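Keep in mind the model is a prediction, meaning the values are calculated, not measured. Counting starts at 1 for both ligands and their atoms, following the listed order. Position 1 is the first residue of the sequence; numbering continues from there.
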Amino acid sequence: MSSSRQVVRSCLLLVLFSCFLWKRDVVEGSHYRIASIGAPLVAPANITNRTGYHFQSPKNWINDPNGPMYYNGIYHLFYQYNPEEPIWGNIVWAHSYSTDMINWKPLQPAIYPSAPFDINGCWSGSATILPGNKPVIFYTGIDPQNRQVQNIAFPKNLSDPFLREWVKPHYNPVINPSGDVNASAFRDPTTAWYGPDGHWRTVVGSKQGDRGVAILYRSRDFINWAVSKNPLHSVEGTGMWECPDFFPVSPMTTDALDTSAFRKGLKHVFKVSLDITRYEYYTIGTYDFVNERYIPDGLSPDNHTGLRFDYGNFYASKTFYDDGKRRRILWGWSNESDSVLNDWKKGWAGIQAIPRAVWLAGDGRQVVQWPVDEVESLRHKQVMINKKTIKSGGVVEVKGIETEQADVEVVFDVSSCLDKVEKFDPGWTDPQKLCSLKGAEDQKGAEVGPFGLYVLASGDGEKRTAVFFRIFKDVNKHVILMCHDPTKSSKREGLYKPTYGGFVDYDINKSAGKISLRSLIDHSVVESFGAMGRTCITSRVYPDFAPGSKAHLFAFNNGNAGVKILQLKAWEMRKALVN
Ligand code: DQQ
C-alpha cells in the first residue's frame, strides 16, 4: 500500500475509533455549542428499525431518563438529549409529557446551559416534590472549569399544567465538590427524601480512587446542603457510581412507597450504574437512619456479581413514586448497538425502555418488574395457541398477526421432564457467559431447553433473535438460565450483538413445572420478562429482512425433551404517539 493511502486509511480508522469512544459514552468531556434551544423538535428522520411504541425523540441522540415525575395528573419525562446530532454531546434536558406514560408530547427543553454553573452541560438528575406540591429538579451542571456541581431548578409557573419553563436560582450551585471530592466524578443527584429529623437528604454518585461512593448530603431548606461524615454507601473496586437510586420497599405488600416513607420494618433498594462495566447493580438492605448508612443484606452481593434490574442493554435507570396509581415506576435507557455510521444515517440514537412497575418480591430476595398496564392499551389483534407440545428440534409458528410490533405472553410447561435435566456445574457463576457458551442451538447434553421464542425472525427462521430458558439441576434444586441470543438477528456489518443472560431465582417445582415469558417486540428492541418479571433482559437488534418480507414469530425447542406451550397469547401492537 502506498504511504499516502496508508495515511488516509489510518485517519479513517482514527475517526471511526473516536466515534466509537463517543458512542460508548466513555468520553463525557463536554464542550457546549448549540444553536437550537427552544426550537421545536422536528419530524422523524430515517425510519429504518425505528421503534413504534417505545419512547424516543424525533431525531438526534438521547440517553439517561431524568427527573421522571407525576404532577397534578401528568407524567413528565426529562431526558439527556443532544439537539444537534445523533451522538452524545451538547447535553440538555429535553422534556415530554403524557397522561399514560405510553403516548407522549414534546415540550421545549426544560434545562439547558445558560449560566456559569452549567455552561458546559446539564447532566443527569432527578425530581422531588416539596411540601406545598412544589416540584424541584436537582441536576448536575458542568461549570467553566469542567467541574461537576449540583444545581436546582424550579418551575417558573406552577399553574402551567405542563411546567414548560424552569428557572435556575442565582445561588446555584447548591452543592460543590469540596474537600477531597473528585470534581470530574461527582454527579447525578437522587430524588431527595425527607427524614423524621426535618432534614432533606440526597446522594450524589462519585468515586474515590477505585471505590464507588454515594456521598450523602443533608439540608433543611433544599438550598444549603451539608455533607455527611460518611457516605451512605461505598464499595471498593467498583469505580464511578453513576445515577444512584435509593428507595424504600415494603416486605409486607406490593404497594409502593413514597421515597420519604420511613418506618420500622421497611427495606430499601440501592442501585448504581457502573461506569466501568456499563451495567447496573442493585442490592436490598436496611437504611440505618441514625448512623446515616445503608447496609445491604447478606443475601445480595454488592458488586458486579450482584442483582440487576435488567441483564441486557439497560442503563442509567431511575425510579419515581407515582402517587396517582400508588406504584414505583422504573425508567431505563437502552442505547443503540448499531454502528455509529448507521446512527448518523438514521439520524437518531437511543430509546427508553417501556416504563416498568417495580416492587419487592414476596421472598424479599429481589425486586420484580412488569411493564406498566397502560402499554396494554396498544394491544390490537390477538392470536392464541393452547396446549401444544414442541418436540425436540421443533418450532411452532405464531401466525395471524404482524409481529414486528408485538407483545407475547407464553407459559411453558416442563413438568414431564424435570427429572431429566442436565447437571449444573457450580463453576458456572456468570450467566451471560453461560448463555454465550450454550447458545440457543446447542443440543449437546441439552435436556430441558434451550426453549423459548424466536422473535423478529425471517420466514425461513435463518435470521432471528432467540429468547430462551435452559434448565439445570444443582445438588438439590433446579437452576434456570434465561438468555437473549441475537447473534443471528441480522447479517448487517458493524453491529454489536452480545448474548445476554441472567439466572431466574424461581422454584419451578412449586409452580408444577410452569414458567412464563413475556416479550415486548418493537422493530429494534426486545424486552423480555421471565417468570413474571423476576429476570428481565433488553436487547437492541437490527433485523435486515429482504425487501417486502415481514417479521415472523416462532416458539422453539432445541432440548432433547419435549416442552409444552400451555398457553401463548400474542398481540399486534398499535403505534404509540411518541413525541
Ligand atoms: N450520563 C450523564 C451523566 C451520567 C451518565 C451525561 C450516565 O450525568 O453519569 O449525559 O449515562
Just checking Q145: does its CD atom have more than 12 heavy atoms from other residues, nucleotides or ligands closer to it than 6.0 angstrom? yes

Return yes or no for this condition: an N or O of E242 is under 3.5 Å from an N or O of ligand 1. yes

Between S114 and K168: side-chain donor-acceptor atoms closer than 3.5 Å: yes

side-chain contact (heavy atoms from CB on, under 4.5 Å) with L456: of D522, V541, V525, only one passes, and it is V541

Using heavy-atom distances only, which candidate in R187, Q80, Q148 approaches atom 10 (O) of ligand 1 most closely? Q80

Ring geometry between F138 and F222 (parallel below 30°, tilted from 30 to 60°, perpendicular above 60°): tilted

Enumerated ligand 1 atoms positioned under 4.0 Å from heavy atoms of Y315: 7 (C), 11 (O)

Within the 3.5 Å criterion, strictly below it, is a donor on W193 or Y287 matched to an acceptor on the partner's side chain? yes

With atoms numbered from 1 as shown, which atoms in ligand 1 lie under 4.0 angstrom from a non-hydrogen atom of D188? 3 (C), 4 (C), 8 (O), 9 (O)

Nitrogen or oxygen of N63 less than 3.5 angstrom from that of ligand 1: yes

Interfacing atoms of ligand 1 (cut-off 4.0 Å, heavy-atom, D64): 1 (N), 2 (C), 3 (C), 4 (C), 5 (C), 7 (C), 11 (O)

Counting from 1 in the order shown, the ligand 1 atoms closer than 4.0 Å to a non-hydrogen atom of S124 are 2 (C), 8 (O)

Would you call the rings of W93 and F78 parallel, tilted or perpendicular, where under 30° means parallel and over 60° means perpendicular? tilted

